[in-house]
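Side chains are part of it too, since the values below use all heavy atoms of this structure and drop only hydrogens, waters and symmetry mates. Chain A is the first sequence line, chain B the second, and so forth, proteins listed ahead of strands; every chain is numbered from 1.
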Amino acid sequence: MINDLYHETILDHSKRPRNFQLLEDANRRAEGYNPLCGDKCKVFLKEHDGVIDKVTFQGAGCAISTASASLMTEALKGKTIGEAETLLAKFHDLLTTDQPLPKDLGKLMVFSGVREFPARVKCATLAWHTLRAALRGAGEAVSSE
Amino acid sequence: MPTVTSLDVSAIRKEFPILAQQMHGKPLVYLDNAATSQKPKCVIEALTRFYLMDNANIHRGVHELSERATQSYEAARGKVQRFLNAAKEQEIIFVRGATEGINLVAQTYGRTHVGAGDEVVISALEHHSNIVPWQMLCEEKSAVLRVIPINDRGEVEFDQFEKLLNRRTKLVAVSHVSNALGTINPVRKIINTAHGWNVPVLIDGAQAVSHMRVDVRNLDCDFYVFSGHKVFGPTGIGVLYGKEKLLEGMPPWQGGGDMIRSVTFEKTIYNDLPYKFEAGTPNIAGVIGLGAAIDYLDHIGMDAISAYEDDLLEYGTRALENISGLRLIGTAREKAGVLSFVIDGVHPHDAGTILDLEGIAVRTGHHCAQPVMDRFGVSSTTRASLAFYNTREDIDALVAGIQKVKEVFTV
Ligand SMILES: Cc1ncc(COP(=O)(O)O)c(C=O)c1O
């Protein structure tokens, strides 16, 4: 069970998060907060003509939330805003429903083990909630509650 | 002096049926006692018996059942009085828990004695429930909340406390034992010093009563609060002890049945202590369950419990100190029941999940004490908290669990 949750890819991304930096020329950004564990997450987007050129994040969090943010930034690069919204919805379903696992989530499938750990779902969704706030222009802090 | 062997822990564990189960295929190791304690059979049976045989409302029936319920309820008040060594039964007010006890004092004593520019003193070790009620009061009254700082071990800086006291200080509210770090505060000295300024002191005993004998007359505290569920009793019941003279001078808090002697639309005469502060039908079963928990603790003996737990805490401290990359948060010279720690390169939330999969229940997070976390520069810790039914084997399991955590994260 430990390995279902702490998949190799998750451990890798939590130790060496990708795109883990401030994005100076971001034109969308948002900050998220998980009041349960005190974790914070900032997401920065550079979007041009509806396409996400660059996306980065910052924040201190557990392995699940850090890896989720890191893999999210990789998955979003080059996507349109519409595609990003679709991905967000699918990722949410992956974690929170007991429907059969979606197929087309690529590397993000490593989070499928999280649905067995209800106490950790919010860790995995923090970056994504923050992404949604950034996409929808609600620039203020959001909470993953 | 009672010795460690004076506790027959394997017999004691049989009284707590919940402990004898498996979690994720491993024996349950319950180390989250600071959040809530488990209940012995006698408490569970007292609740069952009450609802099976004795249930009725109290203080109002002429019938036999009501008489029985009232007697059991009031007998439990006597048990709490003796448990705390209070002078009188009327000084024991039943509330929902420590939180409600503190709010009661803030809303009655606080609102009548704290005015603009006055000061209330708390410590940097407090649980949110001993911070927020005072913040609310200070905001309402334009008063000032002053905070006694703590040192790197997590001990209050007593000389700083002395400097905080002045003519404008109207109340001091500090914990007896810190829930986040386990620090035992020098409450007797704090109370003495505050009394030198004629300032009353509220002690939040939520984390103390399960670990040590508490004597409110010896402490000379003015108010003392605790929660039943943290001393092996039910949830939803707690105690506010107050000195009779102070309680008598305080306005009632909530209005309703039981707290009045007579009501007309022109004027209501309030009831005597303790009923003045017990409006409405109380948690009767909860009170009776708490009484059963106190009987049980009397039977085991608080001194024996303290001695046993001191030994266990020392064993645990030494065991954790030997783990490389682990830092204990809270290393006060006087501690009870709590081992709070962080592991390099591992977030407490992840440690908590892996420990859970090993059957070990701990708390991770800020423990409702965010200012304490800020003081130590961490956002959260992993906390193992003890009760007298825990054993050295539980500590060994924790240590093995932590090694597992370190393996998974290769730290
Ligand atoms: C030191 C301290 N004070 C107060 C409380 C609040 O207790 P309750 O939630 O039972 O009212 C707690 C509970 O964790 C505590 O540890």
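- Proximity to chain A is limited to the side chain of S380(B), based on heavy atoms less than 4.5 angstrom apart.
- Residue N3(A) does not touch chain B at all, counting heavy-atom pairs closer than 4.5 Å.
- Environment of CZ in R96(B): sparse, with no more than 12 heavy atoms of neighbouring residues, nucleotides or ligands closer than 6.0 Å.
- Counting only heavy atoms from C-beta outward, the side chains of Y6(A) and D350(B) approach each other to under 4.5 Å.
- Between L11(A) and V408(B), the shortest heavy-atom distance links the atoms CD1-O, 3.5 Å.
- For CD of E8(A), the number of neighbouring non-hydrogen atoms (other residues, nucleotides, ligands) closer than 6.0 Å is 12 at most.
- Heavy atoms of T364(B) lying under 4.5 Å from chain A are absent altogether.
- No side-chain donor-acceptor contact under 3.5 Å links K15(A) to the backbone of G345(B).
- By the 6.0 Å contact criterion, CD on Q22(B) is enclosed, its count of non-hydrogen atoms from other residues, nucleotides or ligands being greater than 12.
- Under a cut-off of 6.0 angstrom, the local environment of NZ in K42(A) is sparse, with at most 12 non-hydrogen atoms contributed by other residues, nucleotides or ligands.
- The 12-atom threshold is exceeded at NZ of K46(A), counting heavy atoms of other residues, nucleotides or ligands nearer than 6.0 Å.
- Between T66(A) and H347(B) there is no side-chain heavy-atom pair separated by less than 4.5 Å.
- Pairing each heavy atom of A119(A) with each of H349(B), the nearest pair is O-NE2, 4.1 Å.
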